Amino acid sequence: MKKSLMDELWDAVRCTYLSDLKREEHRPVLHHALKALDCEEYPLYAWNDAVKYLTDDRAALFFYSHNEAQNFLIEFCSPA
C-alpha cells in the first residue's frame, strides 16, 4: 500500500512524532523531501491538508493544483 503524503514527509525527516514535522529545525529536510516528490502521486486534498497542518493553518490557503500546493510548501520550508 502506498504511503500518504504526510507519512512520506515523516519518514524523510525521521522524527519521533508526526507533530514534530512542524518544528522549524526540520524545515530544511522537509524542503528537500518536498522537492523530490512527484506532486501528482498524491491527491490534491492531501496537499491541502499538508499545507494546513504544517502551517498551523496560518496561511488559510486552499490550492486548486498539486503543483501550487507543493511549491507553496517548498517555499514555506525554505532555509532562511
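Hydrogens, waters and symmetry mates are skipped; everything else that's a heavy atom, side chains included, is used. Along the sequence shown, the residues carry numbers beginning at 1. Note that this is a predicted model, so its numbers are computed, not measured.
Under the 3.5 Å distance criterion, the side-chain polar atoms of W47 are matched with a main-chain donor or acceptor of C39. H31 places a side-chain N or O within 3.5 Å of a backbone atom of I74 that can act as its donor or acceptor partner. Looking at H66, its side chain does come within 3.5 Å of a backbone N or O of Y42 through a donor-acceptor pair.
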Please set out all donor-acceptor pairs under 3.5 angstrom arising from side-chain atoms of residues 5-19, sequence neighbours excluded.
{"from": "D7", "atom 1": "OD2", "to": "S4", "atom 2": "OG", "distance (Å)": "3.3"}
{"from": "W10", "atom 1": "NE1", "to": "C15", "atom 2": "O", "distance (Å)": "2.9"}
{"from": "D11", "atom 1": "OD2", "to": "K3", "atom 2": "NZ", "distance (Å)": "2.2"}

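With values rounded to the nearest 0.5 angstrom, S78 atom OG is found 10.5 Å from L73 atom CG. Note that CG of L61 is 9.0 Å distant from CG of N48, once rounded to the nearest 0.5 Å. For the atom pair SG of C77 and NE2 of H26, the computed distance is 11.5 Å after rounding to the nearest 0.5 Å. With rounding to the nearest 0.5 angstrom, the CG atom of N71 is 10.0 Å from the NZ atom of K35.
Residue L44 is not grouped with residue V51 when hydrophobic side chains (ILVMFWY) are merged at heavy-atom distances under 4.5 angstrom, including chains of intermediate members.
Applying the 4.5 Å side-chain rule to ILVMFWY residues, one finds F62 in the same cluster as Y64.
Looking only at side-chain heavy atoms (C-beta outward), Y53 and D49 stay at 4.5 Å or farther from each other. By the 4.5 Å heavy-atom criterion applied to side chains, F72 and T55 are counted as neighbours.
The two residues D56 and K22 come nearest to each other via the heavy atoms OD1-NZ, 2.9 Å.
No more than 12 heavy atoms of other residues, nucleotides or ligands shown are found within 6.0 angstrom of CD on E24.
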